[in-house]
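Read through the structure below, which is laid out as structure tokens, and then see the notes.
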Amino acid sequence: MSELSQKTCEACRLDAPKATDVEIKNFLASYPRWTLRDDDGTQKLHQIYNFTDFAAALAFTNAVGAIAEDEGHHPAILTEWGNVTITWWSHKIMGLHVNDFIMCAKCDAAYTAFRTV
Ligand SMILES: C[C@H](O)[C@H](O)[C@H]1CNC2=NC(N)=NC(=O)C2=N1
């Protein structure tokens, strides 16, 4: 799972294989700040990032948005004063794909630029 943040997403296809339970387990072991959620049968990856204020949360939101646009793979984002909640899943396959692992890793990499402590 090393260098995930350096990888590029593949085009989302309807027949793309979902991530296996072993792949998900291995990802979570390497990226423990992410949690696995089951949303009405759709597996999703979820993390809350903390910030000093709303302006920093918004800047991180925009950074993630730019990465998502670059990669053509997009999260659900909740931006609040001091927090950004990001949820990843692949809409087309209603589940998790390696693209989602890559994007989680890219979010963690982007966050290091904002970490204040
Ligand atoms: C046409 C467009 O590229 C596709 O709809 C992309 C857009 N971003 C996406 N983002 C996510 N998370 N899942 C998708 O299936 C997806 N599909």
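All ligand and atom numbering here is 1-based and tracks the order in the structure. This one's a predicted model, so the numbers in the text were calculated from it and none came from an experiment.
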Ring-plane angle category for Phe60 and Tyr111, please: parallel below 30°, perpendicular beyond 60°, tilted otherwise. perpendicular
Residue, atom and distance of the protein heavy atom nearest atom 16 (C) of ligand 1 read Cys12 SG, 3.8 Å
Salt bridge flag under 4.0 Å for residues Arg37 and Asp39: no
Does ligand 1 have an atom that lies less than 4.0 angstrom from a heavy atom of Trp88? no
Out of Met103, Lys92, Glu69, whose heavy atom is nearest to atom 15 (O) of ligand 1? Lys92
Please report the shortest heavy-atom distance between Gln43 and Leu96, naming the atom on each side. O-CG, 3.4 Å
When you measure from atom 8 (N) of ligand 1 to every protein heavy atom, which one gives the shortest distance, and what is it? His74 ND1, 2.8 Å
Quick one: look up the protein heavy atom nearest atom 3 (O) of ligand 1 and list residue, atom name and how far away it is. Gly72 O, 4.3 Å
What is the minimum heavy-atom distance between Pro17 and Arg13, and which atoms define it? CD-NH2, 4.5 Å
Asp100, any N or O under 3.5 Å of ligand 1 N or O: no
Aromatic contact, Trp89 with His97 (centres under 6.0 Å): no
Any Met94 side-chain heavy atom under 4.5 Å of Thr42 side chain: yes
What are the atoms of ligand 1, with element, lying closer than 4.0 Å to any heavy atom of Trp89? 11 (C), 12 (N), 13 (N)
Going by the atom numbers of ligand 1, which of them fall below 4.0 Å from some non-hydrogen atom of Ser90? 13 (N)
Among Asp100, Ile24, Thr87, Asp108, whose side chain to side chain contact (heavy atoms under 4.5 Å, CB included) with Trp34 holds? Asp108
Would you mind checking which non-hydrogen protein atom is closest to atom 13 (N) of ligand 1, with the distance to 0.1 Å? His91 N, 3.0 Å
